[in-house]
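The shown structure was predicted, so the numbers you read here are calculated from the model rather than taken from an experiment. Positions are given from 1, in the same order as the sequence printed here.
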Amino acid sequence: MRQRTLSWLSSRVTGASNKDSTDFHFLVVLRSIMTKLLQWLLGVSVVGLAWGLLTFDLLDLQLPHAYREVVWPMPVYFLVVFGCYSLATVGFRVATFNDCEEAAKELQAQIQEAKLDLQKKGLKF
């Protein structure tokens, strides 16, 4: 998929025609190129832009003062919500973490094998 996307992009830049170019839409290409970091940065930028426009009344919307009082501390509210979400996610993942009993037994066997090998070479435990 990524190779087809890159070939599609290179054909668009160079002007060459590609029969698969009609299969792709702009949003599909954008989604395949964007990493998770870029997605988060784009989302934070859009929310930050909206917050700035509403807080400083840059669009001259003349919002009532009560609305501006609610909008002003929104970044703090978002930060608290993000922290709660992060704690809940970590807690859930820890609570549902699967034990790998086979892997634990295999690791214990490898440790015993290594100890025996080291004892044969003269190391004492």
Asks: Could you tell me the separation between the OG1 atom of Thr55 and the CE atom of Met74, rounded to the nearest 0.5 Å?
Replies: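 Here the rounded value is 9.5 Å.
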Asks: Tell me whether the count of non-hydrogen atoms from other residues, nucleotides or ligands lying under 6.0 Å of CZ in Phe56 goes above 12.
Replies: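 Enclosed: over 12 neighbouring heavy atoms sit under 6.0 Å from CZ of Phe56.
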Asks: May I ask whether Val70 and Leu58 are part of the same hydrophobic cluster, defined by side-chain heavy atoms of I, L, V, M, F, W, Y residues being less than 4.5 angstrom apart, directly or through others?
Replies: yes
Asks: In Å and rounded to the nearest 0.5 Å, what is the CG to CG distance from Leu59 to Leu53?
Replies: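 Result: 4.5 Å between the selected atoms.
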Asks: State the CD-SG distance between Glu106 and Cys100, to the nearest 0.5 angstrom.
Replies: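 It is 11.0 Å, given to the nearest 0.5 Å.
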Asks: Report whether Leu49 and Tyr67 are members of the same hydrophobic cluster (ILVMFWY, side-chain heavy atoms less than 4.5 Å apart, transitive linking).
Replies: yes
Asks: Could you list the donor-acceptor pairs under 3.5 angstrom formed between side-chain atoms of residues 81-95 and any protein atom two or more places apart in sequence or on another chain?
Replies:
residue, atom, partner, partner atom, Å
Ser86, OG, Phe82, O, 2.9
Thr89, OG1, Tyr85, O, 2.8

Asks: Donor-acceptor pair, Asp57 side chain versus Leu61 backbone, under 3.5 Å?
Replies: yes
Asks: Are Leu116 and Glu113 packed together at the side-chain level, in the sense that at least one heavy-atom pair is separated by less than 4.5 angstrom?
Replies: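 The answer is no, as the side chains (C-beta and beyond) never meet within the 4.5 Å cut-off.
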Asks: With a 4.5 Å cut-off on side-chain heavy-atom distances among I, L, V, M, F, W and Y, is there a chain of contacts connecting Leu123 to Ile111?
Replies: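 In one cluster with Leu123: Ile111, no.
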Asks: Are Leu41 and Val47 grouped together when hydrophobic residues (ILVMFWY) are joined by side-chain heavy atoms under 4.5 angstrom apart?
Replies: no
Asks: Would you call Trp51 and Phe78 a side-chain contact if the rule is heavy atoms closer than 4.5 Å?
Replies: no
Asks: Just jot down the side-chain hydrogen bond (donor to acceptor under 3.5 Å, both in side chains) partners of Trp40, sequence neighbours excluded, or say none.
Replies: none
Asks: Would a 4.5 Å heavy-atom cut-off, applied to side chains only, mark Leu42 and Met34 as touching?
Replies: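 They are in side-chain contact.
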Asks: Using the side-chain hydrogen bond (donor to acceptor under 3.5 Å, both in side chains) criterion, which residues pair with Glu69? Sequence neighbours excluded.
Replies: His65
